[in-house]
Amino acid sequence: MIKMRLIKSIKTILLLSITACAFFSVSCASTKTGKKLFLTDENFTSRIGTAESDADESYIFLRFYDPELSSPVYVSNILKNGIAKVDVNPLPVSHVGIGFDLRDDFFGLTQMSRPQLDRERCTDTKANNYTKQCEAASSKQMLYAIKATGEERKKAIRILMENKNVSYDVDKNFKIAHRALRRKLFTAENDRSLEKFYASKKDIEAINDAENKKAQKKFVCSTFVAYVLYNSVQNVREFFNTKGIDYRYLMVSDIACIPGVEELFESTWENYDAAARTFVAEHKEFQRYLPEDERLH
């Protein structure tokens, strides 16, 4: 029994090493040929809207991805399998994006996209270097939301706009993988939860203030979403500060464990629009997040 566990642990470590090395290799290759492009301010300001007041109850949407890749040797597939081996959370996801309504148009940070912070559409996979590797018919998405005030929602949009030139931090994957391995193999089950495992004695506000001052910020998809939520939603900020959670090392599925984050619906990528229309038909409070013309199809 002990021998089998040891073999299993070694396989997990090897898979994580391959994942990290693959990301590092792709990073070196793509930065030589990739053209630097950025989204425009209008891509973000168009999400603000005029009908919502600062005090209104609103939502920020989080889309989690479980991609089915067209080739088993794609780096994203190696990452997905590596995460599945070490993730202690039940949500089977390897990427997360952030959005401000229910249209199929979210923002996500990936290493292969140009720009790296890019728009993501499940039903138009060819528009993004990350999604174009995936099969829309078999890939899945899980749509979550967190309540926010109108002011907090607008602040989150502004933070994205101000950080549209953010870069994907390849090296961060090594550090996240190291912590994930320790959490899976060497941490008691009772101590693996978000608020316990990531708790630290660090001054989280000081860390975040230092991050805000950097001219060139670098994240992975999950830590960028955590950064945006921390800086815009007061309840998230208080939770991280009170628990001493160092969000710079959160895995994708950890984002769904933040208090207040709730699942709305899931679907395959190609059926996202139909699933969104069905959801708002059954939940009237979300109708304003899906434009009328997109509800009629």
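The shown structure was predicted, so the numbers you read here are calculated from the model rather than taken from an experiment.
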Apply salt bridge (charged side-chain N to carboxylate O under 4.0 Å, His left out) to the pair Arg183 and Asp254, showing each step before the final yes or no. CA-CA 12 Å; Arg183 188 183 191 185; Asp254 287 322; 3.1 Å; yes

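- For Arg47 (side chain) and Asn43 (main-chain N/O), a donor-acceptor pair under 3.5 Å exists by modelled atom type.
- In this view, Lys155 and Arg158, Ile159, Ser232 satisfy the side chain to side chain contact (heavy atoms under 4.5 Å, CB included) rule, not counting sequence neighbours.
- With a 4.5 Å cut-off on side-chain heavy atoms, Leu264 and Phe61 count as touching.
- Within the structure, side chain to side chain donor-acceptor pair (under 3.5 Å) pairs that include any residue of residues 186-195 do not occur (at least two apart or interchain).
- The pair Glu262-Lys147 fails the salt-bridge criterion, with no side-chain N (NZ, NE, NH1 or NH2) lying under 4.0 Å from an Asp/Glu carboxylate O.
- With a 4.5 Å cut-off on side-chain heavy atoms, Cys257 and Asn89 count as touching.
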Does the pair Arg103 and Asp105 meet the rule for a salt bridge (charged side-chain N to carboxylate O under 4.0 Å, His left out), with working shown? CA-CA 5 Å; Arg103 290 175 292 184; Asp105 195 357; over 6 Å; no

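- Under the salt bridge (charged side-chain N to carboxylate O under 4.0 Å, His left out) criterion, Arg179 pairs with no residue at all, not counting sequence neighbours.
- For Glu270, there are no salt bridge (charged side-chain N to carboxylate O under 4.0 Å, His left out) partners two or more places apart in sequence or in a different chain.
- With sequence neighbours left out, Asp246 forms a salt bridge (charged side-chain N to carboxylate O under 4.0 Å, His left out) with Lys202, Arg248.
- Lys164 and Leu117 make their closest contact through CA-CD2, 3.9 Å (heavy atoms, listed as atom of the first residue, atom of the second, distance).
- In this structure, the side chain to side chain contact (heavy atoms under 4.5 Å, CB included) partners of Ala274, at least two apart in sequence or on a different chain, are Arg277.
- Listed by chain and number, the residues in a ring-ring contact (aromatic ring centres under 6.0 Å, His included) with Phe224 are Phe219 (sequence neighbours excluded).
- The closest side-chain heavy-atom distance from Leu160 to Phe100 is below 4.5 Å.
- Side chain of Asp104 to main chain of Cys122: a donor-acceptor pair is present (N/O by atom type, distance under 3.5 Å, no hydrogens or angles).
- In this structure, Ile204 and Ile245 approach most closely via the heavy-atom pair CD1-O, 3.3 Å.
- For the pair Phe64 and Gln141, the minimum side-chain heavy-atom distance is 4.5 Å or more.
- Glu211 is linked by a salt bridge (charged side-chain N to carboxylate O under 4.0 Å, His left out) to Lys214, counting only residues two or more places apart in sequence or in another chain.
- For Phe279, the ring-ring contact (aromatic ring centres under 6.0 Å, His included) partners at least two apart in sequence or on another chain are Phe265, His283, Phe286.
- Minimum heavy-atom separation, Asn128 to Ser113: OD1-OG, 3.1 Å.
- Among residues two or more places apart in sequence or in another chain, the side chain to side chain contact (heavy atoms under 4.5 Å, CB included) test is passed with Glu282 by Thr278.
- One hydrophobic cluster, built from ILVMFWY side chains closer than 4.5 Å, cannot hold both Tyr247 and Val88; they sit in different ones.
- With sequence neighbours left out, the side chain to side chain contact (heavy atoms under 4.5 Å, CB included) criterion links Val261 to Leu62, Tyr144, Ile146, Ile258.
- The residues Asp56 and Arg288 are annotated as not salt-bridged, no charged nitrogen and carboxylate oxygen being separated by less than 4.0 angstrom.
- Side chain to side chain, Tyr130 and Gln111 fail the donor-acceptor criterion of an N or O pair below 3.5 Å.
- In summary, the side chains of Tyr230 and Asn241 do present a donor paired with an acceptor at a separation below 3.5 Å, with no hydrogens or angles considered.
- The list of ring pair (Phe, Tyr, Trp, His ring centres under 6.0 Å) pairs with a residue in residues 185-218, not counting sequence neighbours, is empty.
- Within a 6.0 Å sphere centred on NZ of Lys140, heavy atoms belonging to other residues, nucleotides or ligands number 12 at most.
- Residues Ile176 and Leu250 come closest through the heavy atom pair CD1-O, 4.1 Å.
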